[in-house]
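One structure below.
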Amino acid sequence: MRYLAKVSGDDAPKHVDIEMLAEGRYAVTLDGHRHEVDALPLPGAVGMLIDGESFSVEFEEHGDEVAVLVRNQVTRIDVADERRLRLRAGAAQFKVEGRQVVCAPMPGKLVKVLVKVGEEVKEGQGLAVVEAMKMENELKSPKNGKVVELLVPEGSAVENNARLIVVE
Amino acid sequence: MRYLAKVSGDDAPKHVDIEMLAEGRYAVTLDGHRHEVDALPLPGAVGMLIDGESFSVEFEEHGDEVAVLVRNQVTRIDVADERRLRLRAGAAQFKVEGRQVVCAPMPGKLVKVLVKVGEEVKEGQGLAVVEAMKMENELKSPKNGKVVELLVPEGSAVENNARLIVVE
Amino acid sequence: MGKIRKILVANRGEIAIRVMRTCKELGISTVAVFSEADRSALHVRQADQAYCVGPAPSRESYLAQDRILEAAKKSGADAIHPGYGFLSENASFVRACDKAGLTFIGPPASAMDAMGEKTRARSHMIKAGVPVVPGTAEPIPSLEEARAYAEKIGFPIMLKAAGGGGGKGMRRVESLQDVDSAWRGAKSEAMSSFGNDAVYIEKYLDQPHHVEIQVFADTHGHVVHLNERECSAQRRHQKVVEETPSPILTPELRAAMGEVAVKAARSVGYVGAGTVEFLVDVHRHFYFLEMNTRLQVEHPVTEWVTGLDLVHWQIKVAEGEPIPFLDPVSPRGHSIEARIYAEDPSRGFLPSPGKIDFIRVPGGPNVRDDGGVYPGYTVPSHYDPMISKLSVWAPTRREAIARMKRALSEYMVKGITTNIRYLLAIMDAPEFVQGDYDTGFLGRSHQALLGAPDPRLRELAVLASVVYRHQQDRARATRLQAPRANATPSRWRRFPGRPRP
Amino acid sequence: MGKIRKILVANRGEIAIRVMRTCKELGISTVAVFSEADRSALHVRQADQAYCVGPAPSRESYLAQDRILEAAKKSGADAIHPGYGFLSENASFVRACDKAGLTFIGPPASAMDAMGEKTRARSHMIKAGVPVVPGTAEPIPSLEEARAYAEKIGFPIMLKAAGGGGGKGMRRVESLQDVDSAWRGAKSEAMSSFGNDAVYIEKYLDQPHHVEIQVFADTHGHVVHLNERECSAQRRHQKVVEETPSPILTPELRAAMGEVAVKAARSVGYVGAGTVEFLVDVHRHFYFLEMNTRLQVEHPVTEWVTGLDLVHWQIKVAEGEPIPFLDPVSPRGHSIEARIYAEDPSRGFLPSPGKIDFIRVPGGPNVRDDGGVYPGYTVPSHYDPMISKLSVWAPTRREAIARMKRALSEYMVKGITTNIRYLLAIMDAPEFVQGDYDTGFLGRSHQALLGAPDPRLRELAVLASVVYRHQQDRARATRLQAPRANATPSRWRRFPGRPRP
């Protein structure tokens, strides 16, 4: 079976062929080289033996990409089989422009809102302060523009990625 | 609500009244003394604050009894509310007599069967050897009698509590 | 002062556990206090007794003196160990303990008065002839005056909390336009950390080393030092890696600094464990920075090379015993500590509270973990991001670095982001390996510490990702064919890191 | 002999991890071998490379010399570390390594020939004038001769495997009628442990202490000893708790035993780490028991008090380096080790393999865990029940006991039964605390060590059980009312120990 794997930052995906040899054992061919992979899911990681080398590999999903941690290096890879890639190509890509939502970078508390609705702001100007673990983080405006919405009142507890302020 | 708790080995159960004060917080009355208990299930144990004292309490179900581990002491207790006890009393108690099944005391391997079907055996006589973790354990006959069934062939891997030999 | 039977530990996290461990070894009962956010915290499980002292914010719980004293009374504690941070350097709390008949395990209020307020300490030291970093003698009353004084001595300057240390309420300010935001941040952090928002200004010394001397004093007039700790590996004035001996100290410099530290402690009638912090400049001149009048986070490295249990001796001194280690203790071997933080170095050290799905702590020879968490525990967002301190010992510095690398490579934490890979990168950084690194080291090396990708590991990641995705696709296909298999999680989906919420 | 670059560790479990840790610190790559039952074992995860060498039974995997040598060749290893047990005392394996051009990290085959076969070692020692326990000079060829010899020297006797130590293939026999079953058991255990079912007979000494001397020799003719370990806390000839220094040794006795141990090692041209085991009787006479020609399970206590990494020096000696610690090493403080077994002391130490649902390993000052497991790991039923070794250090024996108790009380393992509570009871046993305990100690104290119930804890258990049952009943009622809530496990049912299968 053929997969396409595009490493984040690379221009083009790599073609990778995979064949299952037995439960948990695979032959994987990349750039003309055939590798034997034995993969066993373990608590905390997947134990992989790749051509006899032992790795604890950890995976974390980020949208289309999966972040792969091997020996202290994280690589983000968009990997899918050919059929799925065609499906995905059908869905139009779009970019958010104009309206920008500033989100909480971590769970914590919105300790201070530094702007008012209608206020003109400059790129890099402080908009609000979120505190977690006794660290205050000033959220800055991503662009020159105007504050159009304050979505969360000062003093609230906020979740990771909570929408806080809209700048247009 | 009233519960009856009979500690294994005791003659009579104790009457215990429990009242929920808030989620996870209870007033429990035993022998006329009222105790405040705060119980929080945690990985590995239940964290209990009993009148301000902190305990990691572990529970393990054994049929009608629950084994309770507190500060390195295990107590087996048969505890149930009054209604359930009445229900349970309806089910007749019976004792196995005559036919006795010898079971594997642990997971491992049945390395040797020392008797044949039809053989007369004495109480305490070795019937079979089960090995696990390089320790051999000789299973002994629970009574004077005759071997009537060998349920597992020599050399088999056996689960914990697997039925091995019947003596009558 | 007599035999202590029950100690209330007025703290949380790893240091509460640390103190309770020694109490248990001494046969002393322990009482935990906890905020509503900390009911499931490890220190509550570790203690013999535990009392809730208020809601999550520190000011309403861990800094609420009356509630803590009430818990002490209710529990029958006869002494209080403050740990570090929170109330540990609060003289009014010491007085309140004295009044309530509780032994405060730490210096007398008078010594704390003299040393606890950083500006007063500076005046004291100047009088005692100890060199100090140039700066204001008093807390700065207003933002305007801060701007004026900063312009006078010239940027960069340091804004520092007068009420406590540990990097809290501290800001380096590069230019006039940054004073406002630094002032706001420092004061607010100082308030939430120490309940005191006074800040003062010091000249920022260029590329100094942060070297501190551990002192110990008893109630019989003995004051000794237990050598130094090198703490220059800091990011944002927060120590990250500490070691002893300091690779830059000569025996002469060690003796001179030790002597000054003992003099400083003696001049304020110090009792118990304390730390005198110095900056050492490129000419190896040293300046008094401040005295931390409590147990230091990084005390394990001193314990490794001296064989002493500092908490043990804090308690013994509080019971009135004389310290037996009066001769200079010559350190044995080398020790390094690395602080494990729940934070993401690649995102500006953003805190990463959350649930710990899996944790494996390193073990084996001469590795020590002082942790405050357990598998399944949710690290709350209200407190310090340090989840553990990993320390190692070895006969030489080179071996200690190798051991630390080995131990860090074994440390697995899943569910939250930690700085473990960043710490590994520090151990490999040429400046660190060479041993002459100043407080600017981590800032300068930031990009290098985040690491350049190794092409071989990238290739392996590609192979692994394909196997992973293939397994997922197979599992999905199986589920579509047999909808009832839904309940059983597939082989793959059970374990890999859950997607970020 | 030159610099070693890659070591194949021909072992599993904690000792494989232990060896790999030091390799990693020395920058040496590691190769694991594993049986089909051990694919998920920790040593496979810890190694840089890993090769399957056969099915679960040791004879077909960890004892299969050809397969291990094949894995060494395939992986490019230049040396083999055998750990303890398995092939560690097998001279034919040493010769096979030599032939394959692999450095065997251990003594030369000739020293193993002389010492490895216990009966040959006894003859050697008798010649060297070292006192030995009375017994047969050769393995016993048949059950009949065993019965005859036993009757001649009188019961109780010991049946012992000639091919290896560690309590495997060893039986104490009280009377003639028990000889048959002991003979069968000892021979079969000896075969599965060492691939050699030869056994011999020794007179059983009454209430002896088991004290052993650690020796170290290099290829330059240096032979030193690193003091003793007291190993009398044994159950069924299996060590459970070890400590150093031995509380019964005088400096004179230590020196005398050390001298004999060095002489024994020197007489066979020993190289590397070895242990000379002695029995010490009530009159403090000592008898040579056997020499273990490999690293000992309990080596961590020696590492604690000497500051040496014994695996490090095994590797350095194998590389041809001279050992630098030639003067008698005077031990620093006291160290105790306790072995954590997956077994149930209250059911005759019945093995308890199975899945580890939760594990919390103790930490803090001077506590070391050498573990071979991780949370979620299933301990297989094919191998040794030891899952970890917990060791502590303190300045004095009294403090070391207190620290061990503290550490054991923090150790939590759920899912399988362990001997942790039993170990705690040992630390509290008067005989142990007092320090004069012989090899009969654990047997004599068995009932007391299982513990008498504390009425207060019983009452607390009753309270806890009612809260537990009440919660279950509520959760059940909720489920009946709202069947769709089924998918969400109740607050209670998620965590408490699962019922035994």
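Each chain gets a letter, A, B and so on, in the order its sequence line appears, and its residues count up from 1. None of these values were measured; they are calculated from a predicted model. Below, all heavy atoms of this structure are taken into account, side chains as well, without hydrogens, waters or symmetry copies.
Under a 3.5 Å cut-off, the side chain of C/Lys389 and the backbone N or O of C/Ile340 do not form any donor-acceptor pair. A donor-acceptor pair under 3.5 Å is absent between the side-chain atoms of C/Ser335 and the main chain of C/Thr244, judged by distance alone.
When every heavy atom of C/Ala342 is checked against every heavy atom of C/Ile387, the shortest pair comes out as CB-CG2, 4.1 Å. Summarising the geometry of C/Asp357 relative to C/Gly415, their closest heavy-atom pair is OD2-CA, 3.4 Å, with the distance given to 0.1 Å. Between D/Ile336 and D/Val301 the shortest heavy-atom distance is C-CG1, 3.7 Å.
When each of D/Arg229, D/Gln296, D/Arg339, D/His299 is paired with D/Glu242, the side-chain hydrogen bond (donor to acceptor under 3.5 Å, both in side chains) condition holds for D/Arg339 and for no other.
Of the atoms belonging to C/Asp309, it is side-chain heavy atoms, and not backbone ones, that fall under 4.5 Å from chain D. Using a 4.5 Å cut-off between heavy atoms, C/Pro375 touches chain D through backbone and side chain atoms alike. Residue contact with chain C, scored on non-hydrogen atoms closer than 4.5 Å, involves the side chain of D/Leu42 exclusively. Residue C/Val361 does not touch chain D at all, counting heavy-atom pairs closer than 4.5 Å. If you measure heavy-atom distances from C/Ile359 to chain D, the contacts under 4.5 Å come from the backbone alone. For a residue to count as touching a neighbouring chain, one of its non-hydrogen atoms must lie under 4.5 Å from one of that chain's; by this rule C/Met412 touches chain D with the side chain only. Only the side chain of D/Trp393 comes within contact range of chain C, judged by heavy atoms closer than 4.5 Å. Contacts between D/Pro300 and chain C at a heavy-atom distance below 4.5 Å are absent for every atom of the residue. Both the backbone and the side chain of D/Arg21 come within contact range of chain C, judged by heavy atoms closer than 4.5 Å.
Contact check for C/Asn227 versus C/Val305: no side-chain heavy atoms found under the 4.5 Å cut-off. No side-chain heavy atom of C/His334 sits less than 4.5 Å from a side-chain heavy atom of C/Trp304. Side-chain atoms of D/Asp370 and D/Ile17, non-hydrogen and from C-beta on, never get closer than 4.5 Å to each other. Side-chain contact check for D/Val9 versus D/His43: every heavy-atom pair is 4.5 Å or farther apart.
Using a 4.0 Å cut-off between charged side-chain N and carboxylate O, C/Arg456 and C/Glu459 make no salt bridge.
Contacts between residues 402-411 of chain C and chain D, counted as heavy-atom pairs separated by less than 4.5 Å, involve C/Ala402, C/Arg403, C/Arg406, C/Ser409, C/Glu410.
Ranked by non-hydrogen atom pairs under 4.5 Å with chain D, the options C/Gly371, C/Ser388, C/Gly364 are led by C/Gly364. For the set C/Pro362, C/Ala394, C/Ser391, C/Pro365, the count of heavy-atom pairs under 4.5 angstrom toward chain D peaks at C/Pro365. Interface summary for chain C: among D/Gln46, D/Glu399, D/Glu14, D/Arg332, the most heavy-atom pairs under 4.5 angstrom belong to D/Arg332. Looking only at heavy-atom pairs under 4.5 Å with chain D, the residue among C/Lys24, C/Arg368, C/Arg18 that has the most is C/Arg368.
A search for salt bridge (Lys or Arg N to Asp or Glu O under 4.0 Å) contacts involving D/Glu243 returns D/Arg397, not counting sequence neighbours.
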